[in-house]
Amino acid sequence: MSWLLGDRNAAQRRSGIITVLDVGSSKVCCIIARLLPSEGGRALPHRTHRIKVIGIGHQKSEGVKSGVIVDLERAEQAVRLAVDAAERMAGLTVDSLIVNVSAGRLKSETASATINLGGHEAAKSDVNRVLSAGARQALRAEREVVHSLAVGFSLDSERGIRDPRGMVGDTLGVDMHVVTADSVPLRNLELCINRSHLSVERMVATPYASGLAALVDDEAEMGAACIDMGGGCTTISVFVDGKFVHADALPVGGNHVTMDLARGLSTRLEDAERLKVMHGSALPASADDRDVIAIQPIGGDESEGTLQVPRAVMTRIVRARVEETLEMVRDRLNRSGYGHLVGRRVVLTGGASQLAGLPEAARRLLGRNVRLGRPLGVKGLPEAAKGAAFAAPIGLLIYPQVADFESRISKGGMFTRATGTGGRLQRVSQWLRESF
């Protein structure tokens, strides 16, 4: 490709560049990366290309609560600052980006559809036709389709076909996983980004993105759940046979632990966050009653000194919220109908998963094997961005490499760049398939 080999054409050179934006409740992160052809050796799951980060910017989130934009101006300012920092580092200007969404009461549904092939070979257009027919079933008032993914195809009575293109049959069928969300939070997120003079290339559900980044190949194939514990939201994704089959979201996260500490210890939110990070634990320890922590009371000044509180008091507050959140996750997983397929494999990721003792607490409450997952196989990330808190934006960089069997149905003008033939994501996906 000329964009790799020389300066023949700037637009072509840019075609391998992807920009993603993670608008979270605790941070806003923009990453600009270049996709390069994979070298020899075994590729990571879901990867057809190597990812090299060329620009990154992150900013404390403002105006976002539990994934929902509650103050448009403050959220817009945070987005502008994050994108500007990434642009300056990469030395280029972006006009559109892929963004994640965790708000809008994400809901998973299943749909199926069939079309008549008349004994001909299944072409790409036939696959698109059957995907569109399945996705339309999920469109309803005040809800938007975020993803409509093929879980498996069937030709006549033969089920479980992964790619029907080039195969012959009379009827082509598809079983689909459709993720929907309330329209209003999605529209406000798009409006916030548009006000920053950027357009939304595609919205991707946070649980899908986190699963793409944090799960290893065998986990996704055998069946596993990825739990992304963010600042304002905890999202759940289930992968079986390498496919994303279920999503859910809870409006509770690490910020709620901080708020509980601030209330329980009568201290400022900034002090509560610092205490959580430095001394917080989801597990009690034998020394907790003897260990004493100094706390600056709310409204007090430096001259009045600090209060001495046993660490056990703090641990009890943290434990109560963590256990409540994990119990909700366990109940949602069991209600999803995929609990038995997940087996004993659960991966924790997201910023709030880094709380001391959380994996152990999750093992006890979920009754499954739990490991901490962080994004793998990305070059150029600064040390601070290699942790679990950056799973969602890294997953957004992987997404275009797996977006092939996804129908893009929309209404009301949402995501028009992605649904039409001119969307840059579609061009990038095509470029990924054809170039290397």
Side-chain angles (χ1 to χ4, degrees), residues 46 101-117 122-165 167 169-183 185-186 202-209 211-212 220 223 225-226 235-249 332-333 335-342 399 402-412 414-416 418-420 425-426 429:
H46 315 296
V101 57
S102 47
R105 295 182 302 138
L106 292 175
K107 186 182 174 198
S108 275
E109 301 171 37
T110 54
S112 56
T114 55
I115 60 163
N116 190 20
L117 281 180
K124 176 72 173 157
S125 58
D126 297 314
V127 173
N128 287 341
R129 210 153 43 97
V130 76
L131 289 173
S132 299
R136 271 192 211 96
Q137 295 177 28
L139 276 179
R140 52 179 66 99
E142 302 309 316
R143 298 284 285 178
E144 285 283 350
V145 172
V146 183
H147 294 289
S148 49
L149 299 145
V151 176
F153 292 93
S154 62
L155 277 169
D156 298 346
S157 58
E158 293 298 325
R159 302 180 67 83
I161 292 168
R162 291 202 170 192
D163 186 350
R165 289 176 296 188
M167 299 171 80
D170 290 316
T171 56
L172 172 65
V174 67
D175 292 318
M176 299 188 71
H177 170 214
V178 183
V179 182
T180 62
D182 289 339
S183 295
L186 270 61
R202 189 81 176 90
M203 284 192 178
V204 178
T206 300
Y208 187 16
L212 288 175
C226 177
T235 64
I236 306 161
S237 58
V238 176
F239 284 71
V240 177
D241 292 332
K243 308 273 188 188
F244 172 47
V245 295
H246 183 74
D248 209 339
R332 293 287 183 98
L333 258 180
R335 283 210 306 268
S336 72
Y338 289 98
H340 66 291
L341 290 172
V342 167
Y399 171 77
V402 297
D404 203 14
F405 280 134
E406 178 163 2
S407 173
R408 291 168 182 73
I409 292 287
S410 187
K411 62 183 193 288
M414 287 279 282
F415 324 136
T416 47
T419 56
L425 178 70
Q426 191 166 0
S429 293

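Every heavy atom of this structure was used, including side-chain atoms; hydrogens, water molecules and symmetry mates were not.
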ask   = Val145 and Thr180: side chain to side chain contact (heavy atoms under 4.5 Å, CB included), yes or no, with the steps?
value = CA-CA 4 Å; Val145 172; Thr180 62; 4.2 Å; yes

inquiry  = Using 0.5 Å steps for rounding, measure from the NE2 atom of His340 to the CG atom of Leu333.
reply    = 12.0 Å

key: Nearest heavy-atom neighbours spanning Asp156 and Asp170   = OD1-N, 2.9 Å

remark   = Across all chains, not counting sequence neighbours, the side chain to side chain donor-acceptor pair (under 3.5 Å) partners of Ser112 are none

key: Val245 side chain near Leu341 side chain, heavy-atom distance below 4.5 Å   = no

message = Any non-hydrogen side-chain atom of Val402 less than 4.5 Å from a side-chain atom of Tyr208?
response = yes

Parallel, tilted or perpendicular: ring planes of Phe239 versus Phe244, cut at 30 and 60 degrees = tilted

message = The test is side chain to side chain contact (heavy atoms under 4.5 Å, CB included); show your working for Arg165 and Asp126 and say whether it passes.
response = CA-CA 9 Å; Arg165 289 176 296 188; Asp126 297 314; over 6 Å; no

Over all atoms of both residues, closest heavy-atom pair of Val179 and Ala205 = CG1-CB, 4.5 Å

request  = Please report the C-alpha distance between Met203 and Glu144 in whole Å, then the side-chain angles of each, then the deciding distance to 0.1 Å, and finally whether the side chain to side chain contact (heavy atoms under 4.5 Å, CB included) criterion is met.
outcome  = CA-CA 11 Å; Met203 284 192 178; Glu144 285 283 350; over 6 Å; no

inquiry  = Keeping Arg105 on the side-chain end and Ala249 on the backbone end, is there a donor-acceptor pair under 3.5 Å?
reply    = no

task = First locate atom CD1 of Ile236, then atom CZ of Arg332, and finally report the distance between them rounded to the nearest 0.5 Å.
result = 6.5 Å

request  = Taking all non-hydrogen atoms of both residues into account, name the closest pair between Val178 and Ala111 and its distance.
outcome  = CG2-CB, 4.2 Å

key: Asp175 (side chain) donor-acceptor with Val151 (main chain) under 3.5 angstrom   = no

remark   = Taken to the nearest 0.5 Å, the spacing of Ser154 OG from Ile161 CD1 works out to 7.0 Å

inquiry  = My understanding is that only residues two or more places apart in sequence, or in another chain, count here; which of them pass side chain to side chain donor-acceptor pair (under 3.5 Å) with His177?
reply    = Ser108

inquiry  = Between His246 and Ser336 (side chain of the first, backbone of the second, donor and acceptor by atom type, cut-off under 3.5 Å), is there such a pair?
reply    = no

remark   = Residue set satisfying salt bridge (charged side-chain N to carboxylate O under 4.0 Å, His left out) with Asp241, at least two apart, ordered chain then number -> none

remark   = So CE of Met176 and CG of Leu149: to nearest 0.5 Å the spacing works out to 7.0 Å

query = What's the verdict on side chain to side chain contact (heavy atoms under 4.5 Å, CB included) for Phe153 and Met167, showing C-alpha distance, side-chain angles and the deciding distance?
reply = CA-CA 11 Å; Phe153 292 93; Met167 299 171 80; over 6 Å; no

message = Please check this pair: side chain of Thr171 against backbone of Asn116, looking for a donor-acceptor N/O pair closer than 3.5 Å.
response = no

inquiry  = I need the minimum non-hydrogen distance between Gly169 and Leu155, along with the two atoms involved.
reply    = CA-CD2, 4.3 Å

note = Heavy-atom closest pair (Ala103 atom, Ala181 atom, distance to 0.1 Å) is O-CB, 4.1 Å

ask   = Under the 3.5 angstrom rule, does the side chain of Ser237 hit a backbone N or O of Pro207 as a donor-acceptor pair?
value = yes

ask   = Of all heavy-atom pairs between Val240 and Val238, which one has the smallest distance, and what is that distance?
value = CG2-CG1, 4.1 Å

